[in-house]
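As structure tokens, the structure follows; a few thoughts come after it.
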Amino acid sequence: MKNKLYIYNTLSRKKEEFSSLIKDYVGMYVCGPTVYGDPHLGHARPAITFDIVFRYLQNNNYKVRYVRNITDAGHLENDSDEGEDKISKKARLEQLEPMEIVQHYTISYHKAMEHLNCLPPSIEPRATGHIIEQIEMIKKIIKNGYAYEVNGSVYLDVRKYNEDYNYGVLSGRNLDDTLEGTRKLDGQNEKRSHVDFAIWKNAPKEHIMKWPSPWGVGFPGWHMECSAMSEKYLGKTFDIHGGGNDLTFPHHEAEITQSNAAHNCVPVKYWMHNNMITIDGKKMGKSLGNFITLADFFSGSHPKLKQEYSPMTIRFFILQAHYRGTLDFSNKALQASSKGLNKLMGACETILNISSSEKNDFNIQELSDKCYNSMNDDFNTPILISHLFEGVKIINSVNDGTAQIDKESLMLLKQLFQFFVFDILGLKSNKETGDKNTTNEIMELILKLRKKAKDSKDFATADLIRNDLNEVGIEIKDGREGSSWQAKSK
RNA sequence: GGUAUCGUGGCCGAGCGGUUAGGCAGUGGUCUGCAACACCAUCUACAGCGGUUCGAAUCCGCUCGAUACCUCCA
């Protein structure tokens, strides 16, 4: 880490110096997907954002337990009595068991994450596997006097809570304003106040996913799972909680409320929120129907997409913006990322072949410091990448013979690229996929044949080889010292 | 109505009071059998109006505009 790490904490709306609660250990909880639909570009953002946090902390000698939940119990569609579990609704539409849906979309989520080279979390708990823990926590909240039961449902009493705690610390809302909000109330509401929220919900007969509880057959409220599961695996107070900024309110606010109400204990030290990916300036989201699935990106099969984009291009595209800013999707931007990534990966291969000399024109240590500093400044990956492109320039200049680097600096530069490009940013070369050795040998042969054609001035054959390889995504690079090849990413 | 964020050159995106961000695209060169790659050089900025300051894209105020949350959403 070399220096202090600063993290922007939503609680204080400031960057704060990071120090873990227990020396050398970090507990991190991130809100995962509700598995009722195909993973889309929006899901990639928090996954990649917190993958970077996970990797950076791990590579700086922290032992990190990274917990990311799978929400498979669904959430209420709305808070009226007609509320219906999202997953059971989908199940009825498709005539499937709820867990069948959950299984299907969980697998497609995992596949997409693997393509994006996101490391799997340490623990990936499911809401349905932690009903008992949620019930236990609800019991505590009732016992502490912050919740009440009505007709088999349990609601958190926000007004009561606000007498002892500060409701709205995370989202910057104060209760009085919220109470005066212009939202209309449905007449048949059981809640004492419209700001109260359900922590256990009585299940109507037709509801498919339900469990027995002290209050009758029902299902847990929208926010309970994260509170219960984070406590189970990370303790009552842990270091980092992440998620999309659309979850700040009410979801994360409710988590804080529940933890205080149950344990008289603040659950999280650092709250981190990634911003949204937008399309035509609007949030890309399921409810707006303007989302593009990750599978669509990888295959290029969506009317908005002019071509296919590789998972690494998507990853690089996301990393080229800071996680707290919105990121606007467009073909132009993605194409730019694709080309930029190619350039970077090309340099990663070139660096393996360049040789050092006595003279040295570069200060690699300074470059290294700049890379660390950018990461230490709230994981500023776009700045890191801009510094890495400085490194690209160095590598290519040395390769071109227009500049020189000494042995020590070259070694440092190699380490720097390995660390930041592969270990931290989690990028990977398309060359690595498949049987690397065989491919290399075949390509050597092809390059040899092409050289033969060139030597005998058979340019038609040379061009045929080059053009056809280009079509399958392999680029031939002719240089002074002969030809080389690179797998292009789209 | 409340809460928060933001408005940077052709596009995407950094910038946290003083020094070239970076990528892509464009232009002119070098290299090449031609090209691509690479290298060198180069062109477009900080929504508007005030204020603070020796100095502001960066701080403050106002105006205009955009977005998110206040129902599930990454």
Side-chain angles (χ1 to χ4, degrees), chain A residues 10 13 15 30-34 36-37 39-47 49 71 74-80 83 86 168 171-174 176-183 195 222 242-251 253 273-278 281-288 291 316-317 320-322 324-344 346-347 350 374 377 380-390 392-393 395-397 399-403 454 457 459 462-463 466-467 470 475-480 483-484 486:
Chain A
T10 309
R13 303 200 184 276
K15 283 179 198 167
V30 175
C31 287
T34 304
Y36 70 104
H40 59 76
L41 186 59
H43 291 104
R45 189 115 200 240
T49 297
T71 297
H75 287 161
L76 281 176
E77 286 271 282
N78 53 57
D79 67 354
S80 74
K86 244 175 193 172
S171 57
R173 273 153 234 261
N174 76 55
D176 291 335
D177 288 345
T178 311
L179 283 168
E180 285 167 22
T182 51
R183 283 164 52 213
V195 290
W222 335 325
N245 71 354
D246 50 349
L247 299 177
T248 309
F249 191 91
H251 185 57
E253 197 70 63
H273 291 97
N274 63 274
N275 214 317
M276 300 292 103
I277 287 177
T278 58
K282 292 237 163 49
K283 173 181 170 178
M284 185 183 282
K286 182 108 183 162
S287 47
L288 292 167
F291 67 96
F316 192 63
F317 170 67
Q320 273 187 303
H322 189 258
R324 278 190 288 116
T326 54
L327 171 60
D328 201 50
F329 154 84
S330 72
N331 280 284
K332 250 185 162 178
L334 242 13
Q335 281 159 357
S337 289
S338 162
K339 290 199 176 180
L341 176 63
N342 255 337
K343 192 171 170 178
L344 182 62
T350 305
S374 55
D377 184 15
N380 201 329
T381 53
I383 295 289
L384 170 63
I385 288 168
S386 80
H387 293 319
L388 289 174
F389 274 109
E390 271 181 57
V392 169
K393 218 164 200 182
I395 292 165
N396 287 330
S397 301
N399 191 45
D400 268 28
T402 55
K454 280 174 71 176
K457 303 244 183 281
F459 296 123
D463 288 351
R466 184 174 66 197
N467 294 340
N470 200 45
E475 184 174 36
I476 298 293
K477 300 202 256 188
D478 291 335
R480 226 181 273 260
S483 305
S484 61
Q486 185 189 351

Looking across every strand, which nucleic acid part, if any, lies under 4.0 Å from P250(A) by heavy atom: base, sugar-phosphate, or nothing? sugar-phosphate
Assign L247(A) to base, sugar-phosphate, or nothing according to its heavy-atom contacts below 4.0 angstrom with the strands shown. sugar-phosphate
Using atom C1' in both nucleotides, what's the gap between G15(B) and A21(B) to the nearest angstrom? 8 Å
Measure CG/L384(A) against C1'/A21(B) and give the value in whole Å, please. 13 Å
Mind checking whether F316(A) and F389(A) have parallel, tilted or perpendicular rings, split at 30° and 60°? perpendicular
Work out how far the P atom of A56(B) is from that of C49(B), and round it to whole angstrom. 14 Å
Between T34(A) and A74(B), is there a contact of a side-chain N or O with OP1 or OP2 at under 4.0 Å? yes
When the distance from CD of Q320(A) to C1' of C12(B) is rounded to whole Å, what number comes out? 8 Å
Could you tell me whether the side chain of D463(A) has a donor or acceptor atom within less than 3.5 Å of a complementary atom in the base of G33(B)? yes
5' to 3', nucleotides 35-41 of chain B under a 4.0 Å protein heavy-atom cut-off (B base, S sugar-phosphate only, - none) gives BBSBSS-
Could you give the CG-to-P distance, from N470(A) to C34(B), as a whole number of Å? 19 Å
It should be established whether K283(A) places a side-chain nitrogen or oxygen under 4.0 Å from OP1 or OP2 of nucleotide C69(B). yes
Any N or O donor-acceptor pair under 3.5 Å from the base of C24(B) to the side chain of K332(A)? no
With rounding to the closest Å, how many angstrom separate the C1' atoms on C34(B) and G18(B)? 50 Å
Does the ring of F459(A) lie flat against the base of G33(B), closer than 5.5 Å centre to centre with planes under 30°? yes
